Trainee: 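Sharing a structure here in structure tokens format.
Given the structure is predicted, the values throughout are model-derived calculations rather than measurements.
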Amino acid sequence: MQDAITSVINSADVQGQYLDGSAMEKLKAYFQTGEIRVRAANAISANAAAIVRDAVAKSLLYTDSTRPGGNMYTTRRYAACIRDMDYYLRYATYAMLAGDPSILDERVLNGLKETYSSLGVPAGTTVQAIQSMKEVTAGLVGDAAGKEMGVYLDYICSGLS
Ligand SMILES: CCC1=C(C)/C(=C/C2=NC(=C\c3[nH]c(/C=C4\NC(=O)[C@H](C)[C@H]4CC)c(C)c3CCC(=O)O)/C(CCC(=O)O)=C2C)NC1=O
């Protein structure tokens, strides 16, 4: 896993150079938003279950997904879906704190598309649910942090598409 700091240092090190102007700007932006990130992570962790519940209510409840024949039908599959949403929220929060998406590649997206397709879990519907979660999260943490969370939730969506 990388973060915003190791990411700029690693690329400077590869060239055997000190950080250049643009690397310094990246670090500055990261430090300046540090408090926003920590505050958002706190709010999200205190409200994670409610965020997932609201996102599922907005995007999946009473749709074909939850009816007989849908991929969320039966409590076991419904619970697996909720659990997946919880994973997406938690890992996006880690990535937002780190200011870097590498943890998503390593822990979440690696093999996920293949798993979903072999189990018949609809990736497109999952992307819609993650988009709802993006809105619900932004409503809770405000615009600046919501936008930052959006970067990583969108990253998961691109990995599923
Ligand atoms: C931390 C990283 C991580 C991720 C991301 C993860 C995802 C993941 N979701 C799974 C299943 C599943 N995922 C879903 C999800 C959904 N179905 C829908 O219709 C909705 C659109 C959607 C919820 C948004 C469902 C229903 C299953 C069970 C499918 C089945 O067994 O038939 C499975 C198969 C194994 C299992 O059932 O536990 C994995 C590995 N596991 C991990 O360890």
Side-chain angles (χ1 to χ4, degrees), residues 1-8 11 26 29-30 33-34 36-161:
M1 180 203 142
Q2 283 200 154
D3 53 47
I5 304 172
T6 50
S7 149
V8 292
S11 50
K26 275 187 201 155
Y30 179 63
T33 54
I36 291 180
R37 289 170 204 271
V38 173
R39 231 187 298 132
N42 259 317
I44 293 166
S45 71
N47 295 281
I51 294 172
V52 169
R53 189 190 57 221
D54 289 358
V56 167
K58 271 184 151 188
S59 57
L60 297 167
L61 266 190
Y62 312 116
T63 65
D64 287 343
S65 294
T66 53
R67 292 193 190 107
N71 190 259
M72 288 173 78
Y73 186 67
T74 75
T75 38
R76 183 189 67 78
R77 285 205 295 265
Y78 190 100
C81 177
I82 301 277
R83 180 212 54 197
D84 284 7
M85 292 288 281
D86 215 42
Y87 284 149
Y88 299 140
L89 183 64
R90 181 161 56 89
Y91 279 99
T93 305
Y94 292 157
M96 182 270 300
L97 277 172
D100 189 279
S102 62
I103 193 169
L104 300 176
D105 290 322
E106 291 162 21
R107 313 265 170 87
V108 178
L109 295 172
N110 187 5
L112 182 62
K113 230 172 121 171
E114 295 73 17
T115 305
Y116 269 18
S117 100
S118 73
L119 289 170
V121 177
T125 314
T126 305
V127 166
Q128 285 168 22
I130 295 172
Q131 291 300 317
S132 290
M133 192 151 71
K134 196 167 100 177
E135 285 166 27
V136 173
T137 306
L140 176 78
V141 299
D143 283 350
K147 218 166 132 197
E148 198 57 29
M149 275 299 285
V151 169
Y152 301 104
L153 290 169
D154 282 343
Y155 192 92
I156 296 173
C157 291
S158 330
L160 274 171
S161 305

Trainee: Take Asp3 and Thr6 through the side chain to side chain contact (heavy atoms under 4.5 Å, CB included) test and state the conclusion after the steps.
Mentor: CA-CA 5 Å; Asp3 53 47; Thr6 50; 3.1 Å; yes
Trainee: Evaluate salt bridge (charged side-chain N to carboxylate O under 4.0 Å, His left out) for Arg83 paired with Asp86, printing each intermediate quantity in order.
Mentor: CA-CA 5 Å; Arg83 180 212 54 197; Asp86 215 42; over 6 Å; no
Trainee: Who are the ring pair (Phe, Tyr, Trp, His ring centres under 6.0 Å) partners of Tyr91, not counting sequence neighbours?
Mentor: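 Tyr91 satisfies ring pair (Phe, Tyr, Trp, His ring centres under 6.0 Å) with Tyr94 only.
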Trainee: What is the distance from atom CZ of Arg37 to atom CG of Asn42, rounded to the nearest 0.5 Å?
Mentor: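 Separation between the atoms: 15.0 Å.
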Trainee: For Tyr78, check side chain to side chain donor-acceptor pair (under 3.5 Å) against everything at least two apart and list the hits.
Mentor: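 Partners of Tyr78 under the side chain to side chain donor-acceptor pair (under 3.5 Å) test: none.
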Trainee: Is a side-chain donor or acceptor of Asn71 paired with a backbone partner of Arg77 at a separation under 3.5 angstrom?
Mentor: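 Checked: no pair found.
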Trainee: Roughly how far apart are Met149 CE and Met133 CE, rounded to 0.5 Å?
Mentor: 7.0 Å
Trainee: Taking only distance into account, with no hydrogens and no angle test, what donor-acceptor pairs under 3.5 Å do side-chain atoms of residues 96-103 form with protein atoms, sequence neighbours excluded?
Mentor:
| residue | atom | partner | partner atom | Å |
| --- | --- | --- | --- | --- |
| Asp100 | OD1 | Ser102 | N | 2.8 |
| Asp100 | OD1 | Ser102 | OG | 2.9 |
| Ser102 | OG | Gln2 | N | 2.7 |

Trainee: Can you name the side chain to side chain donor-acceptor pair (under 3.5 Å) partners of Arg76, sequence neighbours left out?
Mentor: none
Trainee: Any chance you could measure Thr126, atom OG1, to Tyr116, atom OH, to the nearest 0.5 Å?
Mentor: 4.5 Å
Trainee: Which atom pairs, donor and acceptor, lie under 3.5 Å between side-chain atoms of residues 50-61 and protein residues at least two apart or in another chain?
Mentor:
| residue | atom | partner | partner atom | Å |
| --- | --- | --- | --- | --- |
| Lys58 | NZ | Glu135 | OE1 | 3.2 |
| Ser59 | OG | Ala55 | O | 2.7 |

Trainee: In chain order, what residues pass the side chain to side chain donor-acceptor pair (under 3.5 Å) check against Asn110, with sequence neighbours excluded?
Mentor: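 So Asn110 forms no side chain to side chain donor-acceptor pair (under 3.5 Å) with any residue.
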